[in-house]
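The sequence lines fix the lettering, A, B, ..., with proteins before strands; numbering per chain opens at 1.
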Protein chains: 4
Amino acid sequence: MARGYEGEEKRDKRQMILDAAVKVFSRHGYHEARMEEIAAEAGIGKGTIYEYFTSKLELFQEMLNKSREVYYDSLEIDDKKKLSLREKIYFLFLSHIQFCRENKELTRIVFWDTKIMDEELKVWSYDKRKEKEKMFREEVREAIERREIRKVDPELVSLNVSGLLSALWAPITLDGWDVDPEELAEKLTDLIFAGLKPE
Amino acid sequence: MARGYEGEEKRDKRQMILDAAVKVFSRHGYHEARMEEIAAEAGIGKGTIYEYFTSKLELFQEMLNKSREVYYDSLEIDDKKKLSLREKIYFLFLSHIQFCRENKELTRIVFWDTKIMDEELKVWSYDKRKEKEKMFREEVREAIERREIRKVDPELVSLNVSGLLSALWAPITLDGWDVDPEELAEKLTDLIFAGLKPE
Amino acid sequence: MARGYEGEEKRDKRQMILDAAVKVFSRHGYHEARMEEIAAEAGIGKGTIYEYFTSKLELFQEMLNKSREVYYDSLEIDDKKKLSLREKIYFLFLSHIQFCRENKELTRIVFWDTKIMDEELKVWSYDKRKEKEKMFREEVREAIERREIRKVDPELVSLNVSGLLSALWAPITLDGWDVDPEELAEKLTDLIFAGLKPE
Amino acid sequence: MARGYEGEEKRDKRQMILDAAVKVFSRHGYHEARMEEIAAEAGIGKGTIYEYFTSKLELFQEMLNKSREVYYDSLEIDDKKKLSLREKIYFLFLSHIQFCRENKELTRIVFWDTKIMDEELKVWSYDKRKEKEKMFREEVREAIERREIRKVDPELVSLNVSGLLSALWAPITLDGWDVDPEELAEKLTDLIFAGLKPE
DNA sequence: TATGAATGAGAATTCATTCAT
DNA sequence: TATGAATGAATTCTCATTCAT
């Protein structure tokens, strides 16, 4: 098989640019990021980026898009249906913690300010999140019905869980909080479930 | 003494500029904001801003600084000592919800991307928040001692509450979520305290 | 005589501004000089300068004008007619050297780049110099006639003397060359008169 | 190899910019010169200058640097050692006069106000000139030893010659003084050597 | 297809000058 | 008359994007 001197590098130039974009955008933010640095990071010429993306904005959006997809995929559990809400929330925390630790650059993008998103991406982003939240609320509702949990507003539970996910990102990614993912996930799940009530 | 038609206009030009800065920075973010627009918003000439602030960055930082101070001040409760943790958390949620509803532009700034903050401000900002969180953890510890709540890691409680505060901002400010502040605060406090355990 | 609290300062505000201008322009050059610094140096408000001069350019030109007048006046000898050319040149060097040592700031202006002079000042400046040089050449001619010196082109003698005057300014004013004025003037006069011919 | 119509245009864009800079800076001085005019003069876009020079100041300094080098090179004589001091001074005048006539724009730069030079360039400029002057004084000393000229202070001879060189620039470049270079150089050398003493 | 030199629109900032007090 | 806060024209420099090679 004749791949030539390019070796393994060839794995799709488009993806190489996206990978470089994750690094550079996460280092500097959208406005401070330079197309030149992205090109250099990808090991290609400046002009080449424009063969694959029409503009800096498009590149950013596609990169953000892809990054979120990767993140959301990491949260998926195979045999969801068979798990209790408690187990699902536990795996949500666990996956999130692990993902944050393993993809610091990428998460920086995912949980970022989205000022520069255009309407189309905003819609996609909004839809994706709303869809996730809707599914989550549905699961909360079912858990209430089957008496796994007490009668609470699913909206608030969703808010609580997503708030905790965001709040976890900073200490893990920025401060390098070094805890055992499984232990932390367990404790958080317990907090959510048992609340603060004295025994 | 005839101040006459000058009325409230005169209330210190520096403050007028800061107010305009809140509006414009919250509309566009730091990089997209134009000094000219800030000047126009303040109803003054472009050059005048530079009589009060040495640069765009300095203006942004001072504005952010002031805004945070205003926000944190709004969270203060007068006779803290006499309240139970439950009541304190309730007032925290209540103050936050009310503040978000009444200061949509300003909160956009307070809960924003901090990429452009310089080291000095970062420290101030960090200190302020860490101080708040430390005080909160202390209160959690005391509540545990006096058996108001069960034995939990104060760090996680802090994370839970601050996560909820951040998570509340988006629906209130962006989506215009229209709920009764007192009712919402009550529900959230209850969620935190009672958890999801079935009765 | 009631001069009031202003004391000796009152000696004409216009002149105070001109004096300040000499200092500031000689410190920074025309473009780098700031009207504010001139006002501060003169101990008055920025706006006041415009009560006496219509613009920065006018102030500069008037200052340059006055400075040159002072310089040229310092070169005048009372009873010129009775001196030999040798004595006149000696006194020219002597006056120049003494003036440079005593008025470092002012000479910096006098011997400066004149890019910013407008036509009117250029003409005045040119006229003044040409007039001086013409008078000098006339004196050279007379000295030739009365056989004080040999037959030389008066133009070249004028060039030689004025060249030496300029060349002296830098070491005296910038490097602080510290020689006895009378001795230096004597040596220079001798050089001009005796040339380099071996004895 | 078909270079064709590109002709001399291609002779290094950096040099084209430097040439344009000489013209524009000599026309207006440092502060009044506009980057846009330099670009236009070079027939390129404004931004292109910044591909070759980091700032206006750097461009000016490099241009000044190069110009001085060209000037000083023009003063060099091949077989210096074999000439008498009289001949050396003659060639100095001759070279200077010819250079001034042929490079009016460039000399305007070389003999200019140096307020805007930074310390580094000042040192280079100072070194170059001091070195030249030192060499010249040494040659005067040698001429004294071999009795070509009488015993005079070499410093003053140097001052005399350099003063004349500067004094020549204005009439030649500004007034367009049109004399035969060889004749003028001869006359000046004679003046320096024979002095004004009557025969 | 890949490149990077060239471009110019656009933004921050400066400072002489004005003018209400 | 004296002032200095306010102004905005004017200038440098940046960087996404283009396009000839």
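Counting to the nearest Å, the C1' atom of dT13(E) and the CD atom of E36(B) are 12 Å from each other. In this structure, CD1 of I49(D) is placed 12 Å from C1' of dG8(E), rounded to the nearest angstrom. Rounded to whole Å, atom C1' of dA12(E) lies 8 Å from atom NZ of K56(B).
Remark: dT21(F) base-pairs with dA2(E); criterion is Watson-Crick or G-U wobble with both hydrogen-bond distances under 3.5 Å.
Because its NZ or CZ atom is not both nearer than 6.0 Å to the ring centre of F25(B) and within 45° of the ring axis, K56(B) does not count as a cation-pi partner of that residue.
Between I17(A) and F53(A), the shortest heavy-atom contact is CG2-CE1, 3.6 Å. The two residues E58(A) and Y52(A) come nearest to each other via the heavy atoms OE1-O, 4.3 Å. In this structure, V24(C) and A33(C) approach most closely via the heavy-atom pair CG1-CB, 3.9 Å.
Using a 4.0 Å heavy-atom cutoff across all strands shown, F53(D) reaches no nucleic acid atom at all. Within the 4.0 angstrom heavy-atom criterion, base atoms lie near K46(D). Across all strands, S55(D) comes closer than 4.0 Å only to sugar-phosphate atoms, never to a base (heavy-atom distances). Residue A33(B) is in sugar-phosphate contact alone, with no base atom involved, counting any heavy-atom pair closer than 4.0 Å across all strands shown.
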